[in-house]
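Note sheet for the following structure.
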Amino acid sequence: MKPEPLSETFVQEESYQTESTSKDRRTSSDSEHNFTDDEQTSDIEFDLDPRFLNTKYECLRPTPLKPKYNQSLVELLEVIEHSRELNGEERNALSYRHAIAALKAYPHNIKSYAEARKIIGVGPKIGNHIKEFLTTDTIPEAEEILASEKYQTLDIFSRVYGVGYKTALKWYRKGYKSIRECMRDPYLTHIQRLGLELFNDFQKKMSRQDIQELLGILDTIIKSIYSDCIITPVGGYRRGKEFNGDLDVVVSHPQEEIANNLLKDIVEKLMDTGHLKHKLFYARNKKDTSSELLSSHRNVMDKLDKCFCAFIQPSTQICRQVDLIIAPYSQYSTAVLGWTGSKQFERSLRNYAKKERNMTLTSHGLFLNVIPKRQVHVTSEREIFNILGIPWVEPEMRNC
DNA sequence: ACCCACTACA
DNA sequence: TGTA
DNA sequence: GGGT
Ligand SMILES: O=c1ccn([C@H]2C[C@H](O)[C@@H](COP(=O)(O)OP(=O)(O)OP(=O)(O)O)O2)c(=O)[nH]1
Ligand SMILES: [Mg+2]
Ligand SMILES: [Mg+2]
């Protein structure tokens, strides 16, 4: 659901060739992690802890999985954020996410409204929630949301694979109260029916040990096809999450020809061996062999093959969601970066690339936005951070 | 007043 | 358009 | 809902 920016036709002087062109400043010698505040409006607020980089770009600072401080405040704000998502208020939800990410990275418990308001991303509304939290130890709006039957129902329905807020709302308006009732709906799509059937299994989170079991199977099967495949677990598992909703894996192969048909080969073998029960989503992006014939401009790079599938875990017989992503070797590092997340980390990184470096970052590559858009070839995650001129962030610290 | 990530399937 |  |  993107309007597709199309060609920006104008502007664009070369940018890239980083060094500090942009504004956020970091104290010169960065032996450890000495972050300082950020520009603008500043002057006045030099008093935030210098270990906290006060920026609107979450990708510039480390964010742990579990915050050391402000944990219950964060949980309450996440309730409001989710409620906004269920109401289709994306931008509003994004604002809550900015504030939440900042609080997760902040090195103290917030002690006052004034302190909270110094944080970029905390404006008057969220500031007031925090003020209430400081005196009552809760946020009234979050409590109301949690108590509301509508929220509880929409929350459950929207967890079904193939069901977003629109469908959840339709079902709620039809008076459905349970997953069982939804299954009788006459307008289910194929995917929604599957999602409802697999609902109980998909709700069960996977421990790291469960994930390792699945990775072992994938490793054996994939390497039995091509022994020099590279298999990289990404997603929440790579960020250190203890309990994961699914397993995301990027697979690549040094020979592009082989990578080209890898997904089909893997999926067929997983089907034959009985591991793979359902394909929920299958994207086969054939290589572009005819680029010269196409409309003058040299767009059309090949996209990543993907298969989101339901996979039987042998030890428990539980159906697990596994997302397989096949990347040509040339796109391996951007794919790993893009699929490691978190979602907010990716959004901030891409926003930073565009706004501060005049570049476009996707899971398929890094591009310089000059008139004919030029690909900047990269071979590692670190190289991407370097080119963007931002400090390396460990996967475990990308939990914005 | 404008921006807020980006791309693909069903 | 809805969902991932 | 917040930053620019
Ligand atoms: O809208 C999205 C959704 C996902 N991703 C990337 C980042 C994310 O980390 C990764 C895997 O997505 P998934 O939905 O599996 O999230 P997760 O971070 O792995 O968490 P979970 O434990 O729920 O699987 O894909 C995005 O960039 N944008
Ligand atoms: Mg995941
Ligand atoms: Mg996933």
Side-chain angles (χ1 to χ4, degrees), chain A residues 1-6 23-24 38-42 54-59 77 80-81 83-102 116-117 119-130 141 157-170 187-195 202 235 245-246 248 279-286 299-309 321 323 325 331 334-335 337-339 341-356 359-367 369 400:
Chain A
M1 46 172 159
K2 267 302 84 148
E4 198 59 23
L6 295 183
K23 8 195 185 150
D24 50 58
D38 216 39
E39 76 299 348
Q40 51 68 84
T41 52
S42 69
N54 198 9
T55 173
K56 59 174 176 165
Y57 296 114
E58 291 88 356
C59 59
L77 291 174
I80 304 180
E81 176 198 28
S83 167
R84 298 292 188 270
E85 287 170 349
L86 293 177
N87 288 326
E89 303 168 59
E90 301 172 49
R91 303 307 181 187
N92 196 307
L94 175 60
S95 290
Y96 277 91
R97 179 43 53 181
H98 283 309
I100 288 163
R117 284 300 307 274
I119 296 173
I120 294 174
V122 177
K125 301 272 205 17
I126 294 175
N128 277 330
H129 286 320
I130 295 177
E141 184 176 352
F157 290 173
S158 66
R159 291 183 199 199
V160 177
Y161 188 95
V163 176
Y165 76 92
K166 301 240 177 195
T167 304
L169 186 59
K170 271 182 202 156
Y187 301 111
L188 297 180
T189 66
H190 172 68
I191 288 303
Q192 287 169 348
R193 180 166 298 285
L194 219 50
F202 278 7
D246 70 0
D248 309 281
K279 292 177 238 181
L280 302 170
F281 175 111
Y282 191 98
R284 176 68 171 85
N285 295 285
K286 48 184 185 285
N299 43 7
V300 217
M301 29 43 203
D302 33 22
K303 309 295 188 191
L304 306 176
D305 290 355
K306 296 189 268 298
C307 184
F308 294 177
C309 47
Q321 193 186 327
D323 298 346
I325 299 98
Q331 302 177 52
T334 47
L337 178 60
W339 285 89
S342 65
K343 175 177 169 176
Q344 186 54 32
F345 185 85
E346 305 301 334
R347 294 174 77 170
S348 69
L349 196 61
R350 291 167 188 201
N351 194 19
Y352 184 87
K354 188 195 311 201
K355 295 299 200 309
E356 308 294 340
M359 299 179 97
T360 298
L361 174 66
T362 77
S363 55
H364 315 108
L366 179 63
F367 306 88
N369 296 332
C400 340

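Order of the sequence lines sets the chain letters (A, B, ...), proteins ahead of strands, with each chain counted from 1.
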Tabulated below should be each protein N or O lying under 3.5 Å from an N or O of nucleotides 1-3 of chain B; please produce it.
residue, atom, partner, partner atom, Å
dC3(B), O3', Lys355(A), NZ, 3.1

Gap in Å between the two C1' atoms, one belonging to dA4(C) and one to dA5(B), rounded: 14 Å
Nucleotide dC6(B), atom P - distance to CE of Met359(A) in whole Å: 13 Å
Atom-pair distance (CD on Glu90(A); P on dG2(D)), nearest Å: 17 Å
Pairing residues for Glu81(A) by the salt bridge (charged side-chain N to carboxylate O under 4.0 Å, His left out) criterion, not counting sequence neighbours: Arg97(A)
Which residues share a side chain to side chain donor-acceptor pair (under 3.5 Å) with Arg350(A), sequence neighbours left out: none
Thr360(A) side chain near dA5(B) phosphate (N/O to OP1/OP2, under 4.0 Å): no
Touch class at under 4.0 angstrom, heavy-atom based, for Ile191(A) against every strand present: nothing
Check: Tyr187(A) and Lys170(A) side chains under 4.5 Å, non-hydrogen atoms: no
Thr362(A) side-chain proximity, nearest of dG1(D), dC6(B), dG2(C): dC6(B)
Sugar-phosphate, base or nothing in reach of Thr167(A), heavy atoms under 4.0 Å: sugar-phosphate
Stepwise side-chain contact (heavy atoms from CB on, under 4.5 Å) check, Gln344(A) with Leu94(A): CA-CA 9 Å; Gln344(A) 186 54 32; Leu94(A) 175 60; 3.6 Å; yes
Between dG2(C) (P) and Phe281(A) (CZ): distance, integer Å: 17 Å
Position toward the 5' end of DNA chain B (nearest nucleotide), Thr189(A) or Ser95(A): Ser95(A)
Given dC6(B), dG1(D), dA4(C), the nucleotide with the shortest approach to the side chain of Lys125(A): dG1(D)
Phosphate contact (dC6(B) OP1 or OP2) by Arg347(A) side-chain N/O below 4.0 Å: no
Side-chain heavy-atom pair Leu280(A), Phe202(A) within 4.5 angstrom cut-off: yes
Rounded distance (Å) that lies between atom P of dC9(B) and atom CZ of Phe308(A): 11 Å
Closest listed nucleotide, where the reference is the side chain of Ala283(A) and the choices are dT3(C), dG1(D), dC9(B): dC9(B)
Span that lies between the C1' atom of dG1(D) and that of dA8(B), in whole angstrom: 29 Å
Asp246(A): side chain to side chain donor-acceptor pair (under 3.5 Å) partners, not counting sequence neighbours: none
Nearest-angstrom distance from the residue atom CG of Asp323(A) to C1' of dA4(C): 9 Å
Toward the 5' end of DNA chain B, by each residue's nearest nucleotide, His190(A) or Leu94(A): Leu94(A)
Length of the line joining Glu81(A):CD and dG2(D):P, which is rounded to integer Å: 13 Å
Closest listed nucleotide, where the reference is the side chain of Tyr96(A) and the choices are dG1(D), dA4(C), dT3(C): dG1(D)
For residues 158-166 of chain A, please give each side-chain donor-acceptor pair under 3.5 Å, one per line with the distance, not counting sequence neighbours.
residue, atom, partner, partner atom, Å
Ser158(A), OG, Leu154(A), O, 3.0
Ser158(A), OG, Asp155(A), O, 3.1
Arg159(A), NE, Asp155(A), OD1, 3.4
Arg159(A), NH2, Asp155(A), OD1, 3.3
Arg159(A), NH2, Asp155(A), OD2, 2.6

Short side-chain N/O contact from Arg193(A) to OP1 or OP2 of dA10(B), under 4.0 Å: no
Among dG2(D), dG1(D), dT3(C), the one nearest Arg91(A) by side-chain distance: dG1(D)
Presence of Lys56(A) side-chain N/O under 4.0 Å of dG3(D) phosphate oxygens OP1/OP2: no
Rounded distance (Å) that lies between atom C1' of dC4(B) and atom CG of Leu349(A): 15 Å
Rounded interatomic separation in angstrom, taking CZ from Arg97(A) and C1' from dG3(D): 18 Å
Results of salt bridge (charged side-chain N to carboxylate O under 4.0 Å, His left out) for Arg84(A) - residues two or more places apart only: Glu141(A)
